[in-house]
Every structure is written in structure tokens, then in C-alpha cells.
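Report on the following structure.
Treat the numbers as computed from the prediction; the structure is a model and nothing was measured.
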Amino acid sequence: MLAFIAKSMARPVRLVKPVSSVKLPGRYLAHQEGLPRLPVPPLKQTLDRYLVALKPLVSHEEWNNTNQLVEDFQTSGVGERLQKGLERRARKTENWLSEWWLQTAYLEYRMPVVVHSSPGVVLPKQDFLDRQGQLRFAAKLIEGVLDFKSMIDNETLPVEYLGGKQLCMNQYYQILSSCRIPGPKHDSVVNYSQVKKPPTHITVVHNFQFFELDVYNSDRTPLTSDQIFIQLEKIWGTSLQTNKEPIGILTTNHRNSWAKAYNNLIKDKINKESVRSIQKSIFTVCLDAPMPRVSDELYRSRVAAQMLHGGGSRWNSGNRWFDKTLQFIVAEDGSCGLVYEHAPAEGPPIAALLDHVVEFTRKPELVRSPMIPLPMPKKLRFNITPEVKNDIEKAKQNLNIMVHDLDVKVFIFNKFGKNVPKSEKLSPDAFIQVALQLAYYRMYGRPCATYESASLRMFRLGRTDTIRSASVDSLKFVQGMEDAGVQNQEKVDLLRRAVQAHRAYTDMAIAGNAIDRHLLGLKLQAIEDLVSIPEIFMDTSYAMAMHFNLSTSQVPAKTDCVMCFGPVVPDGYGVCYNPMDEHINFAVSAFNSCAETNAARLAHYLERALSDMQQLMQRTLKSKL
Ligand code: COA
């Protein structure tokens, strides 16, 4: 999803040593090696498509100016030289883009991971209402994640497909036993899943207190949920006090501030050991306190906020270690979900893991395990020096500002799901994206640069590229739709053309022929070659094209859930959706500090746009009969 690369592109990129990458075991290695390598698209193709993509976004004058810059880039030989550099890089590396992308989009990005980078997932509300229910569900969930882990460890996880092509499975090896570590200019990611002695514990957090819980027996079999439940009860019983320093809040800070605080924190040996335990753990489970009750209408939005940031320093934000790749959240009031640190993976593998876990929690308990007494889970201790306390206080203040600034609206569009566009022989994803264009145009009277993530996982170590949803065709449609003088049949034709154009862009993007990562590569190549940044990247049009007021992503899941994430620009929206057969789950976010944006308003316009588009097609069909 996240298009925050737009911001980081404004400054030079410092290349660093690759982070520890996980060596894949045998069968998957063979699968991986069978995957094609990400191509470098032809230079002229990208530049031509870039000019087309700018058409709906910039004025004639700006476009003409950019056209000239693009021509100079080609005729001067600068473009060709950089292109050759990229092609050399593609021959020498497994994937010319993935390491650059990891660094620029994530590890060098300095904004807090909370809200600005880490997505959350809202799971359906569970029907327990007390501590017993909470711990039983958490135990079952842990058992489910360990079951999924066994498929990764035994290499029995089925290879995934998109458009009939096998996908790269590497991200599944990056999400367990891993953690981000803050650094002064860039962060890193550590992964312990393939070390000689991989971790056998998870981290459990309750009342801001962290515990190391061993989840395997000495014979390497995982604990059963009954056993885990008893261990969780012990943790609960020894963490009843609520007056503890919320040490985890440190991880919510701006990355440079957190890096400084991190060095302070781990000067102390005990603190260092505790931090290492969290970093090494397979994943984290956060046992949250109940949040203030809200109406049914607001409930999902409140849970989305809880998943994204924990509710602030007074609520559950101290119950997290936001650098941890995977954190499952189970609250006493039945709210549950997940937050994940984005550097190692995109949403779809996380959603696949969740689907497995949710399915697992629904299975009845078959065997009751003999209750062999297990050792007390280890409490992770922290020495809070005055300096650390001061860092926590500062982090709390910044976090609370962020919490108040996030405006999030989760809603279910109930009128139809994938079924309606499919019955019209249209791509559901493209239909939703065109509806978003209509909604935005109706609100602002103009289109905006729109980012939709496209998977590059057909290629070895592939991550994402950008589908630019604001196109010449989408603009023609939204203008036609708003023009009373345009007949319905013509509107339908414009709608179909816009949807088909979006699907064509999607096909081009997933085949490695989109423009955004190629342009980024050319820019990074210039930085690496120590030549001056070409004019096309210093141009107003480029800045406008990279200012994604709409940052969107589809994260499909079988579970009736939705992923959510923050906007990537101060005056923008984050929109994530899970299209089901008969309905669509949406999460829309914005910042309260921006007077022009409002998540609930965009949600309302989006619902209207989807309905109007369906009615338009129905009416036109009827009038033909
Ligand atoms: N007529 C009838 N059915 C159609 C159709 C048409 N013209 N076009 C598509 N469909 C069907 C598909 O066959 C598919 O069927 P299924 O539900 O049985 O699987 C369904 O509609 C969905 O297809 P579509 O809506 O076109 O989307 P997609 O599944 O191809 O996904 C992307 C499109 C862009 C989301 C996907 O390619 C992608 O890149 N996903 C990764 C995104 C990502 O990484 N996000 C996370 C970032 S953190």
C-alpha cells in the first residue's frame, strides 16, 4: 500500500548494508529460483506513460514544460546512461528494486511507524465479555499462529497464485521472529527464524508489562491452547498493577528520537536483555484493557484506531512494541485484531495468516492435554532511569497528539460486493477504484494523484508497484457522470472504459511494467552514480504526481475483516478495502489537523458513488429491454 515514498524521495538516499535476509529452506528455495526476475521496463515506454499519467493531474502549461524536460532527459543521453546502470544492477542482483525499496520506503523513513506506516487489522468482534473468554481466545489464537508457523517451517504452505502465475513466498519467511530496530539515520530489521537456535517464545503484554512465554515443550511440540491458557492466567495474575511505566510507548516516537532513546535504554544490561527477548520472540500478543464503549455504528472505527495506535498513553498504547513485526491484539471486551510493522511484508500474506488463525480459533477443542506443570513465564524487567522516564514522557506527548489527529472511519458497504461488477463483466477492484475517483471528484471538483498497490510478487523477492488510478479515462467518466447533458448510455460507456483502463494498468503493473518504481530506480541510480538529480525529478509535475492524496489498497481476506492505515500526506486519505462476494469492508483514514479532509465524508461519498454507478448500469440495461 503505502505511498510514503513520496516524502522520502525529496531527499538523497543513503545506501546501507542490506539487512539480514533470511536464507530460505530447500523446497521453497527451488520454488523461488524458478520465479522470473523483475524486469527493468524500456525507458521510452516509462517516459511516455509518465506523460500520459500526468494528463489528469497537471495544467497544460506544466504538462508542456514536463514534456520538454522528458525530451531533454532522453536526448541528452542522461536517461540512457541511468537506464544502463539499472540494467547492470538487474543482472547482478536477484531483484534490482527490493533492497532499494526496503531502504527508501521503510527503513530510511523517519516518521513514527505508528499511524504513518504500520497497518492494523480489525477482526470481527468476539463474543466473550470477560477475562476468561479473553484468555481462552488468546490461547487458541496463539495455537493457530503456531500451526501456521509449522506450515512455514515444514514448507507445506501452499504456493499462492495471482492471475494464474505463481507468487514469491519470501515474505512468509520474514514475518515471524523478526523485529525492526531503530537507528540514527536508518533502521534495520533482524530476523531470528533461520538462526541455529530459533526462538521458542512469544512476547505477551498486559498492563504495560512484558513477559517471555515459552510456547514449545522440550520435545519441540507446541503447547496446546489449554496449556497456553494456564500460562496466560499466570501472566495476568502477576500483572494486575496498572501503575507501570508504559515502556512500549518509546516505540511510537519519530524514528530519530526513538533511536536516541533506544541507545539510552539498552545501556542498562537488564533492559538490553528484555529488549532482545522481545525482538527475538516469534510474535507478540497484547492483552488489552477494555476501551470506552461507543455506539454500534462507531464500534469498528474505534477498534481500527485501537489497532493502529492503541488509544493513547492512558489506554493501550503502552501494551505494544510497535517495532515488532506481528502483534496480535485481544481485548477484554471482545475487540481484537492486529498491528504489523510494514518493512518485512505487504498486507496479503498477513491476511492469509489471519485467515488461517481465525479458522483455527473456530475449531472445537478435540484433545484435552495432560496438565504437566509448566514454569512461570518470565517477566521482562526494565530499569527506568530518569533519562528513560524523560524519553517516555516525550514519546507520550507526541503519541497523544498523533492519536487525536487520526480520523478513521470503518464501514461496510452492504448493497453489493464483488458479485455486481463481476455480473457486468467488470473487474471488482477496478470498479471500486473508479468509484473512489468519482467520490473524490464530487468532493473536491478535481482528481488527485492516487496510489493503489500492485503486487510484484510474480517476480523473485517482488514487493509492490503503483497503479495510478486517476487516469485520462477515469477523469472523462467522472466529468461525464456530473454532466446533466450527458446521456446515461454514454455515461455507462465512459464508466466501462474507465474500469477497463484501470484493469489494463493493473495488468501492466503486476507484469512489472508500471512507471513509479522505474522512475524511482532511475533517480536512485543517479544518486548512486553521484551525478546531479535529473530535472524531471525536480519538476512541479513530478511533485504533484507523487503527492498521493488518495493512498489506497485492496487487501482481500476470507475473514470478514478489514485492514486500515493512515494517509501518506498531511492533506490525504488512506483507503483500504476487502471486497467480499456480497459486501465490501472499507477503512478510510484522514488527519483531523487538515481542515479539507474528513474520513466519514469521503466514506459517505464513496457509498454514494458505488450505488450511483450500479444504478446507472441497471437503469441503462432496463431501458434497453
Ligand atoms: N469479469 C468478471 N469477473 C472478473 C473480471 C471481469 N472482467 N475481472 C476480474 N474478475 C474477477 C476475478 O476473476 C476475481 O475472481 P475471484 O473473486 O473468483 O478471485 C475477482 O473478480 C477479483 O478480481 P479483481 O477485482 O480484478 O482484482 P484482483 O484480485 O485481480 O486484484 C489487485 C487486483 C490490484 C488488488 C491485485 O492484482 C494486487 O496487486 N494485489 C496486491 C495488493 C497489495 O499488495 N496490497 C497490500 C499492500 S500492503
Side-chain angles (χ1 to χ4, degrees), residues 3 5-6 8-10 12-13 37-91 95-97 100-101 104-105 447-454 456 459 462 464-475 501-502 504-548:
I5 186 69
S8 64
M9 284 175 88
V13 173
R37 289 185 186 209
L38 180 69
V40 179
L43 182 64
K44 185 166 179 334
Q45 172 184 299
T46 293
L47 295 173
D48 289 349
R49 286 177 176 173
Y50 171 53
L51 288 172
V52 174
L54 287 179
K55 283 241 155 110
L57 303 175
V58 303
S59 68
H60 278 304
E61 201 190 350
E62 278 158 344
W63 191 90
N64 285 336
N65 185 40
T66 305
N67 190 24
Q68 187 58 52
L69 294 180
V70 165
E71 208 176 308
D72 294 348
F73 185 64
Q74 290 186 94
T75 52
S76 64
V78 173
E80 215 37 66
R81 242 190 347 264
L82 297 176
Q83 174 78 359
K84 290 239 155 61
L86 275 190
E87 286 165 359
R88 247 191 327 275
R89 184 179 166 91
R91 282 193 295 275
N95 183 315
W96 64 265
L97 173 66
W100 266 348
W101 183 246
T104 51
C448 69
T450 307
Y451 179 113
E452 185 194 4
S453 341
L456 286 179
F459 304 99
T464 57
D465 206 324
T466 311
I467 305 165
R468 289 189 164 267
S469 312
S471 65
V472 173
D473 292 294
S474 70
L475 182 57
H502 187 88
Y505 202 127
T506 301
D507 290 336
M508 172 180 103
I510 61 179
N513 276 307
I515 60 174
D516 279 72
R517 301 300 183 268
H518 188 198
L519 289 173
L520 172 70
L522 293 165
K523 187 179 174 201
L524 295 180
Q525 189 64 46
I527 292 166
E528 195 163 280
D529 292 350
L530 298 175
V531 295
S532 55
I533 306 284
E535 287 284 314
I536 54 164
F537 300 119
M538 317 291 268
D539 176 28
T540 324
S541 297
Y542 187 71
M544 287 172 77
M546 294 297 155
H547 190 87
F548 291 109

Kindly say whether Pro39 contributes a backbone atom to a donor-acceptor pair with the side chain of Trp96 at under 3.5 angstrom?
yes

Rounded distance [0.5 Å steps], CG in Asn513 versus CG in Asp465:
9.5 Å

If you round to the nearest 0.5 Å, how far is CH2 of Trp100 from CG of Asn95?
11.0 Å

Are any non-hydrogen side-chain atoms of [X] and [Y] less than 4.5 angstrom apart?
| X | Y | answer |
| --- | --- | --- |
| Glu452 | Tyr505 | no |
| Arg468 | Phe548 | yes |
| Ile536 | Thr66 | no |

Restricting to non-hydrogen atoms, name the atom on [X] and the atom on [Y] that form the minimum distance, rounded to 0.1 Å.
| X | Y | value |
| --- | --- | --- |
| Cys448 | Leu57 | C-CD2, 3.5 Å |
| Ala470 | Pro56 | O-CG, 3.6 Å |
| Ser469 | His502 | OG-CE1, 3.2 Å |

Evaluate Arg49 against Thr46 for side-chain contact (heavy atoms from CB on, under 4.5 Å), listing each step before the verdict.
CA-CA 5 Å; Arg49 286 177 176 173; Thr46 293; 5.8 Å; no

Would Glu62 and Leu54 count as a side-chain contact (heavy atoms from CB on, under 4.5 Å) if you check the C-alpha gap in whole Å, the side-chain angles of each, and the deciding distance to 0.1 Å?
CA-CA 9 Å; Glu62 278 158 344; Leu54 287 179; over 6 Å; no

Sorted by chain and number, sequence neighbours left out, side chain to side chain donor-acceptor pair (under 3.5 Å) with Ser76 holds for none

